[in-house]
Number of protein chains: 2
Amino acid sequence: MNDELGRRCEAALGELLQRRIRVNLYEDLVAGVGRGVDITSYPILSGLARLGPVTAGTLGAEVGLDRSGVSRHATRLEDGGLITRRPDPADARNTLLILTDEGESTVAVLRDRLAGIFEQQLRSWPSHQAEQFVAGLERFVRENHDRSFADIVPGTNNPLATTDQEAD
Amino acid sequence: MNDELGRRCEAALGELLQRRIRVNLYEDLVAGVGRGVDITSYPILSGLARLGPVTAGTLGAEVGLDRSGVSRHATRLEDGGLITRRPDPADARNTLLILTDEGESTVAVLRDRLAGIFEQQLRSWPSHQAEQFVAGLERFVRENHDRSFADIVPGTNNPLATTDQEAD
DNA sequence: CTCCAATGCGTGCAATCCGCACGCATTGGA
DNA sequence: TCCAATGCGTGCGGATTGCACGCATTGGAG
């Protein structure tokens, strides 16, 4: 019975990660906010709110984006007045990204919107199921945060190499 | 205590959906597979395996992608020998996308890889927690499948309109 | 039978986004 | 003083996406 869990998890996770729900949820969420916020920069804002003032490189590592990409999003968000760049007093090479007050409130509003949606949805669940689900989700995320497929199956860049052949 | 669930769910879901884990997991998973499979076409393959022969439009609606995008991915995957286009006998306007045998096996291998990863991870959990998590995940996905933010908060294209003012 | 609105696919096109590489500035040690 | 190391921001090429258009097919109306 337990053997099914991995497969079921893959199927459900697939639906969740593979575009549809993500796009539906986040794209509509940030639509109309303006100030340079889009479906990709929301993670940046969110990460910034979570980490506090950090460099573009650090934030990029957090959200899984190249520094250059973070820098570009940061510029747009800066133009929108949501974040500010400040030189690091400790090391002038670093440029710290900082949420402005408006940025903080924007993140808070967006976050509350999503939280409200999920809250409303989970309210219709048996409370223990909702609690277990969220707890499991948190654990799952935590355990996967720094893990990549390459880490799990080392040296396996081509999982199909032994199963299929070239199809030119 | 229950009020926290929405917020916790948002935080965890955010990590999951916002790029990092998704990229880490799927990008490495499909790396080296070739045949036109990339991080975006995997959902297409997966969806095709789940739905059976469908039109590009239907598949696009399933994964949340425009028909044109599906068509392009389909062309690439067709070049890779993983799918085939077949005119719909019932309606010549439709072009059905069908997995080739190689496509089926490719999907199966990738899916098994992921399922194995999750299985292995969940094995270290208390069995009831893993079971509850997966069950909750399935329910969550099912309930959100056809739901978008706009559906939930109708007429709210700019959730910040009443909270923040114009900047600049 | 003919005509036409509706439907659906595939491509041209412009916009966007991303990673790599480069130039520039700063740091800290030789 | 000099130089390797570090980090940011931009130029550039590649890739992807959505919209719009052209083309083909369908099914019903006249």
With Watson-Crick and G-U wobble geometry limited to distances under 3.5 Å, how should the secondary structure of DNA chain C be encoded in dot-bracket form, using | for bases paired to another strand and [ ] for crossing pairs?
||||||||||||||||||||||||||||||
Quick one: A:Ile39 CD1 to C:dA15 C1', roughly how many Å, whole number?
16 Å
Do the side-chain N or O atoms of B:His73 get closer than 4.0 angstrom to the phosphate oxygens (OP1, OP2) of D:dT17?
yes
Take the protein atom CG of B:Leu59 and the nucleotide atom C1' of D:dT17, then report the distance between them rounded to whole Å.
16 Å
In B/S/- notation, 5' to 3', how is nucleotides 6-14 of chain D contacted by protein heavy atoms closer than 4.0 Å?
BSSSBBB--
Test side chain to side chain contact (heavy atoms under 4.5 Å, CB included) on B:Leu59 and B:Leu65 and set out the steps.
CA-CA 8 Å; B:Leu59 186 53; B:Leu65 197 63; over 6 Å; no
Candidate pair A:Leu5 and B:Arg123, rule side chain to side chain contact (heavy atoms under 4.5 Å, CB included), full reasoning:
CA-CA 9 Å; A:Leu5 282 186; B:Arg123 210 191 304 274; over 6 Å; no
Atom-pair distance (CG on A:Asp38; P on C:dA15), nearest Å
17 Å
Pair B:Arg93 + B:Asp88, salt bridge at N-O below 4.0 Å
no
For the residue pair B:Thr100 and B:Glu78, establish whether any side-chain heavy-atom pair is separated by less than 4.5 Å.
no
Is A:Val70 close to A:Leu97 at the side-chain level, that is, under 4.5 Å between some pair of heavy atoms?
yes
Side-chain contact test, heavy atoms from C-beta onward, threshold under 4.5 Å: evaluate it for A:Glu131 versus B:Glu4 and give yes or no.
no
Non-neighbouring partners of B:Tyr42 that pass ring pair (Phe, Tyr, Trp, His ring centres under 6.0 Å), sequence neighbours left out:
B:Tyr26
Under a 3.5 Å distance rule, please check whether A:Asn94 uses its side chain to pair with a backbone N or O of A:Leu96 as donor and acceptor.
no
